[in-house]
There are 2 protein chains.
Amino acid sequence: MADVTIDPMKATRNETWIEHAMQGLADAGYQKGAARRAVVECLGRQACAVTALEIEEEIRQGDTAAGRASIYRTLEQLEELSLVHRLEMGTGTASYEAAEPGGEHHHHLVCDRCGRVVPFQDDGLERAIKGLSRRSRFEVSEHDVTLHGLCERCAA
Amino acid sequence: MADVTIDPMKATRNETWIEHAMQGLADAGYQKGAARRAVVECLGRQACAVTALEIEEEIRQGDTAAGRASIYRTLEQLEELSLVHRLEMGTGTASYEAAEPGGEHHHHLVCDRCGRVVPFQDDGLERAIKGLSRRSRFEVSEHDVTLHGLCERCAA
DNA sequence: ATGACTGCAAAGCCTTTGCACGCAA
DNA sequence: TTGCGTGCAAAGGCTTTGCAGTCAT
């Protein structure tokens, strides 16, 4: 029985996406300021969704720094260009993750006890969503799936 | 081609759920105060998810009234007892809807232009989620699916 | 009579906005 | 040089909490 979850550790610095995103921002007329670059690089480094405040924290611990406002502004620009995906997983705080140009993506399992978030991927789910999107009256462009429950540690 | 969306107008006052919820609250040791009852009745009257502030508004227009704090407190209690389901659909505000005892439920299409929310139901989707939940390492108890895009009015 | 329920107001968080200064092009 | 980018601080919006009066049991 194949596990649908994705090993969060497998992610390495996503240089491809970082360049892609910087290029997209440039094409949209944005300059390459320090804060903007720091946010993009931070996002490219993540294995899964992160909050704006987590990005702020991580950037602060690095060599650069970025004001909170600049982080939110950059995230807004990236989302507008479909370079990042903004999610709300029931925690009351928005999370952001890099949007792969190929459309490849994953969804999330959230532990309601400890808050752990684990990404997963499933072709059957994607097919089901594609099919019902076609049967709906909407022009569907995005979708989010969040599973809630207990992670293996908390369920034990 | 069968439409997966559900007619939001078909919902009528869900007396069954209202009684079920009031009973659940009573079993948990809660009293039958006016504010609590008003929130439960308002939820039982909804066709789809509503925000706390929409509940407040609707209650105010009725004969009763309820303070904002009481509304949030009641919603929290109902959610803890799994009598309501709390959702975040990317709007930055939480929504709540009655949780049917039988487990029957729907998901949501959100128009990113006008904000309209339309419920839908799809067995294939439910099967896919049940299957992958089994293959995950989580003990999955709930799931939310939100499709984003443009509604037929905004897409035109 | 006792303890739960309620509402108001204040406080908390996350997020957005206004504004003056600094940097990219 | 010009205007975008940035950071600070203040403002906004939703949600939670403290507290004193009120109501259910």
Side-chain angles (χ1 to χ4, degrees), chain A residues 21-43 49-60 62-81 84-96 115 117, chain B residues 21-43 49-60 62-81 84-96 115 117:
Chain A
M22 288 308 291
Q23 187 59 51
L25 287 167
D27 292 349
Y30 293 111
Q31 302 180 9
K32 290 195 237 277
R36 185 130 54 207
R37 159 169 275 130
V39 171
V40 171
E41 294 193 344
C42 181
L43 280 166
V50 286
T51 67
L53 269 35
E54 287 168 348
I55 292 173
E56 182 186 29
E57 170 92 3
E58 183 168 328
I59 289 179
R60 189 193 336 248
D63 39 2
T64 7
R68 188 166 298 182
S70 298
I71 294 172
Y72 279 107
R73 280 190 281 243
T74 299
L75 289 171
E76 188 183 0
Q77 294 154 3
L78 288 166
E79 204 212 348
E80 177 59 30
L81 298 170
V84 311
H85 192 55
R86 180 185 192 277
L87 334 139
E88 285 174 9
M89 295 186 284
T91 54
T93 315
S95 297
Y96 302 83
V117 176
Chain B
M22 288 308 290
Q23 188 57 53
L25 287 167
D27 292 348
Y30 294 109
Q31 300 181 15
K32 292 194 234 280
R36 190 168 294 147
R37 160 168 275 130
V39 171
V40 170
E41 294 193 344
C42 181
L43 281 166
V50 286
T51 67
L53 269 35
E54 286 168 349
I55 292 173
E56 182 186 29
E57 170 92 2
E58 183 168 329
I59 290 178
R60 186 192 338 247
D63 40 3
T64 8
R68 189 165 298 182
S70 299
I71 294 172
Y72 279 107
R73 279 189 281 242
T74 300
L75 290 171
E76 187 184 0
Q77 293 153 4
L78 287 166
E79 206 213 346
E80 177 60 29
L81 297 171
V84 311
H85 192 55
R86 182 185 190 276
L87 336 136
E88 286 174 8
M89 295 185 284
T91 54
T93 316
S95 294
Y96 301 82
V117 176

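Naming: A, B, ... by sequence-line order, numbering from 1 per chain. Here the structure is a predicted model, which is why all the values come from computation and not from measurement.
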To the nearest Å, how far apart are [X] [atom1] and [N] [atom2]?
{"X": "B:Glu56", "N": "D:dG13", "atom1": "CD", "atom2": "C1'", "answer": "13 Å"}
{"X": "B:Leu78", "N": "D:dT15", "atom1": "CG", "atom2": "P", "answer": "15 Å"}
{"X": "B:Met22", "N": "C:dC5", "atom1": "CE", "atom2": "P", "answer": "11 Å"}
{"X": "B:Glu88", "N": "D:dC14", "atom1": "CD", "atom2": "C1'", "answer": "11 Å"}
{"X": "B:Ile55", "N": "C:dT6", "atom1": "CD1", "atom2": "P", "answer": "14 Å"}

Taking the side chain as everything from C-beta on, heavy atoms only, tell me whether [X] gets closer than 4.5 Å to [Y].
{"X": "B:Ile55", "Y": "B:Tyr72", "value": "no"}
{"X": "B:Tyr96", "Y": "B:Val39", "value": "no"}
{"X": "B:Gln77", "Y": "B:Arg36", "value": "yes"}
{"X": "A:Glu80", "Y": "A:Glu76", "value": "no"}
{"X": "B:His85", "Y": "B:Glu79", "value": "no"}

Pairs flagged by salt bridge (Lys or Arg N to Asp or Glu O under 4.0 Å) wherever residues 21-32 of chain B is involved - sequence neighbours left out: none
Grab the N/O contacts between the protein and nucleotides 11-17 of chain C below 3.5 Å, and write none if there aren't any.
{"unit_1": "C:dT15", "atom_1": "OP1", "unit_2": "A:Ala94", "atom_2": "N", "d": "3.0"}
{"unit_1": "C:dT15", "atom_1": "OP2", "unit_2": "A:Tyr72", "atom_2": "OH", "d": "2.5"}
{"unit_1": "C:dT15", "atom_1": "O5'", "unit_2": "A:Tyr72", "atom_2": "OH", "d": "3.3"}

DNA chain C contacts among residues 28-38 of chain A, heavy-atom distance under 4.0 Å: A:Gln31, A:Lys32
Among B:Glu54, B:Glu57, B:Glu56, salt bridge (Lys or Arg N to Asp or Glu O under 4.0 Å) partner for B:Arg68: B:Glu56
Under 4.0 angstrom between B:Ser70 side-chain N/O and C:dC5 OP1 or OP2: no
Whether B:Thr74 side chain and B:Ser70 backbone form a donor-acceptor pair below 3.5 Å: yes
